Chemist: 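One structure, as structure tokens, below. Some questions next.
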Amino acid sequence: MSGIAVKGGCLVLLAVLLWLVNLVEGGCSGKCCKGRDPTCSSTDWRMDRVFGTCFCDGTCKHTGDCCYDYTQVCPAQPCIVSEWSPWSGCALQCKPTYRVRRRSIEREPMNGGDPCPPLEEKAGCMEYVSYQGQHCAQTHGPAFITTLEYNIERRKRALSTESEDAGFCMEFKLESLSQQCTMETQPHARWMQYLREGYTVCVICQPPAMNSASHSCQGDGTDFDGNKILHWQAVGNPRCRGTWRKVQRVEQCSCPVVHSFVFI
């Protein structure tokens, strides 16, 4: 019995000594490392309650071998990014293209924090003045449309140069659309997901998209009745396109915001 007691006492003493050593050298104190680093380790209890080699690097939470105090000593810090820059001008003149805005990383993620979100976004746009300064809006061809949000920004920029013209609203019944419309996931192109066959949509025709001579927008169907199948295309994703029929021309649009667009 005495031998068993001595042996048991030795085990307890060993455990206490290990605990005292770990107070000085164990855990993640001073060992918070970036990325995957196999040398960033201690001998201590792991988060899964196993004693042995444990780690304090940025990937230990994914591999499940962090030291017990990792989350306290090395708290996760998400990526921090700046505010968006202003939108750029359109990449090209006189044809549907895109504009860009960007943001920068102000702090990289640490200790398994949330990764950085996209640093660049693109959205459809179109300029109506050529490099030679000539107005280049057209009235023939498919209608180019985009979100109503773009019209608000466009009008703010145009107030100092364009004459005040309330324009008009054209209502259409969507007859068909391509599958790519519903598959669009880019933040500033998700409006395409609200296009549905059989729905009535409203599209605003205003300067600078409105031709100053004909007072119409490209593809608006002004010269056709409701029996004519007309073509449209979403700016920002040329594969999102389809057909519609003109319902009526009105002074003000009355469709829900998600079904309200603008000729571009």
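We use all heavy atoms of the structure for the numbers below, so side chains are in, but hydrogens, waters and symmetry mates are not. On a predicted model such as this, the values are computed, not experimentally measured, just so you know.
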Chemist: Are the aromatic ring centres of Trp232 and Phe144 under 6.0 angstrom apart?
Modeler: no
Chemist: Counting only heavy atoms from other residues, nucleotides and ligands, does the tally under 6.0 Å from CD of Gln248 exceed 12?
Modeler: yes
Chemist: Show, in sequence, the C-alpha distance, side-chain angles and deciding distance for Cys67 and Cys28, and conclude whether the disulfide bond (SG atoms under 2.5 Å apart) test is met.
Modeler: CA-CA 6 Å; Cys67 293; Cys28 288; 4.1 Å; no
Chemist: For the side-chain contact (heavy atoms from CB on, under 4.5 Å) test, which of Glu171, His259, Met170 pairs with Val201?
Modeler: His259
Chemist: Under a 4.5 Å cut-off applied to non-hydrogen side-chain atoms, are Met47 and Cys60 in contact?
Modeler: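 Not in contact.
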Chemist: Which heavy atom in Thr147 sits nearest to a heavy atom in Phe261, and how many Å separate them?
Modeler: CA-CD2, 4.4 Å
Chemist: Measure the CG-CE distance between Asn237 and Met183 for me, rounded to the nearest 0.5 Å.
Modeler: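 Going from the CG atom of Asn237 to the CE atom of Met183 covers 9.5 Å.
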Chemist: Any chance the SG atoms on Cys56 and Cys33 come in under 2.5 Å?
Modeler: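 No, Cys56 does not link to Cys33 through a disulfide.
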Chemist: Please set out all donor-acceptor pairs under 3.5 angstrom arising from side-chain atoms of residues 70-80, sequence neighbours excluded.
Modeler:
| residue | atom | partner | partner atom | Å |
| --- | --- | --- | --- | --- |
| Tyr70 | OH | Asp57 | O | 3.2 |
| Gln77 | OE1 | Arg107 | NH1 | 3.4 |

Chemist: Mind listing the closest non-hydrogen atom pair of Val203 and Trp244 along with its distance?
Modeler: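 Shortest heavy-atom separation between Val203 and Trp244 comes out as CG2-CH2, 3.8 Å.
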Chemist: Would you say Leu195 and Ile229 are hydrophobically clustered, going by side-chain heavy atoms of ILVMFWY under 4.5 Å?
Modeler: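 No, it is not one cluster - the side chains of Leu195 and Ile229 are not joined through contacts under 4.5 Å.
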Chemist: For residues Trp87 and His188, establish whether the separation of their ring centroids is below 6.0 Å.
Modeler: yes
Chemist: Given side chains that start at C-beta, do those of Cys125 and Val235 come closer than 4.5 Å, heavy atoms only?
Modeler: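 The answer is no, as the side chains (C-beta and beyond) never meet within the 4.5 Å cut-off.
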Chemist: Regarding Cys169 and Cys202, I want to know if their SG-SG distance comes in below 2.5 Å, which is how I'm defining a disulfide.
Modeler: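 Between Cys202 and Cys169 there is no disulfide, given that their SG atoms are not under 2.5 Å apart.
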Chemist: Which heavy atom in Ile145 sits nearest to a heavy atom in Trp191, and how many Å separate them?
Modeler: O-CH2, 3.6 Å
Chemist: Taking atom CG of Leu230 and atom CD of Glu175, what is their separation to the nearest 0.5 Å?
Modeler: 10.0 Å
Chemist: Would Cys217 and Cys205 satisfy disulfide bond (SG atoms under 2.5 Å apart), going step by step from the backbone distance to the final call?
Modeler: CA-CA 6 Å; Cys217 289; Cys205 178; 2.0 Å; yes
Chemist: Side chains of Phe172 and Thr200: does their closest heavy-atom pair fall under 4.5 Å?
Modeler: no
Chemist: Ignoring hydrogens, what is the shortest heavy-atom contact between Met126 and Cys90? Give both atom names and the distance.
Modeler: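 In this case the closest contact between Met126 and Cys90 is N-SG, 3.3 Å.
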Chemist: Between the side chains of Arg103 and Glu83, is the shortest nitrogen-to-carboxylate-oxygen separation below 4.0 Å, so that they form an ion pair?
Modeler: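 No, no charged N to carboxylate O under 4.0 Å.
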Chemist: How many angstroms lie between CG in Asp65 and OG in Ser41, if you round to the nearest 0.5 Å?
Modeler: 9.5 Å
Chemist: With a distance cut-off below 6.0 Å to the six-membered ring centre and an angular limit of 45° from the axis, does Lys122 pair with Tyr98 as a cation-pi contact?
Modeler: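 Judged by the rule, Lys122 and Tyr98 form a cation-pi pair.
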Chemist: Hey, are the side chains of Cys240 and Gln233 touching, using non-hydrogen atoms and a 4.5 Å cut-off?
Modeler: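 A side-chain contact under 4.5 Å is absent here.
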Chemist: What's the verdict on side chain to side chain donor-acceptor pair (under 3.5 Å) for Ser42 and Asp44, showing C-alpha distance, side-chain angles and the deciding distance?
Modeler: CA-CA 6 Å; Ser42 293; Asp44 208 326; over 6 Å; no
Chemist: Evaluate side chain to side chain donor-acceptor pair (under 3.5 Å) for Thr243 paired with Ser176, printing each intermediate quantity in order.
Modeler: CA-CA 5 Å; Thr243 60; Ser176 67; 2.6 Å; yes
Chemist: Between atom OG1 of Thr63 and atom CZ of Arg46, what is the distance when rounded to the nearest 0.5 Å?
Modeler: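 Going from OG1 on Thr63 over to CZ on Arg46, the span is 8.5 Å.
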Chemist: Answer whether the closest heavy-atom distance between the side chains of Val100 and Arg102 falls below 4.5 Å.
Modeler: yes
Chemist: Got a second to check how far Ile264's CD1 is from Thr146's OG1, nearest 0.5 Å?
Modeler: 5.0 Å
Chemist: Would you indicate whether the side-chain heavy atoms of Cys253 and Ile204 approach each other to under 4.5 Å?
Modeler: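 Ile204 reaches Cys253 side chain to side chain.
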Chemist: Do the side chains of Asp225 and Lys246 get nearer than 4.5 Å, heavy atoms only?
Modeler: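 Result no, sub-4.5 Å side-chain heavy-atom pair not found.
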Chemist: Of the non-hydrogen atoms in Cys40 and Lys31, which two are nearest, and what is the gap between them?
Modeler: SG-O, 2.7 Å
Chemist: Given side chains that start at C-beta, do those of Thr182 and Arg196 come closer than 4.5 Å, heavy atoms only?
Modeler: yes
Chemist: For the rings on Trp45 and Tyr68, is their centre-to-centre separation under 6.0 Å?
Modeler: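 Not under 6.0 Å, so no.
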Chemist: Between atom OG of Ser82 and atom CD1 of Ile105, what is the distance when rounded to the nearest 0.5 Å?
Modeler: 9.5 Å
Chemist: Which heavy-atom pair separates Val258 from Tyr194 by the least distance, and what is that distance?
Modeler: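 Looking at all heavy atoms of both residues, the shortest contact is O-CB, 3.6 Å.
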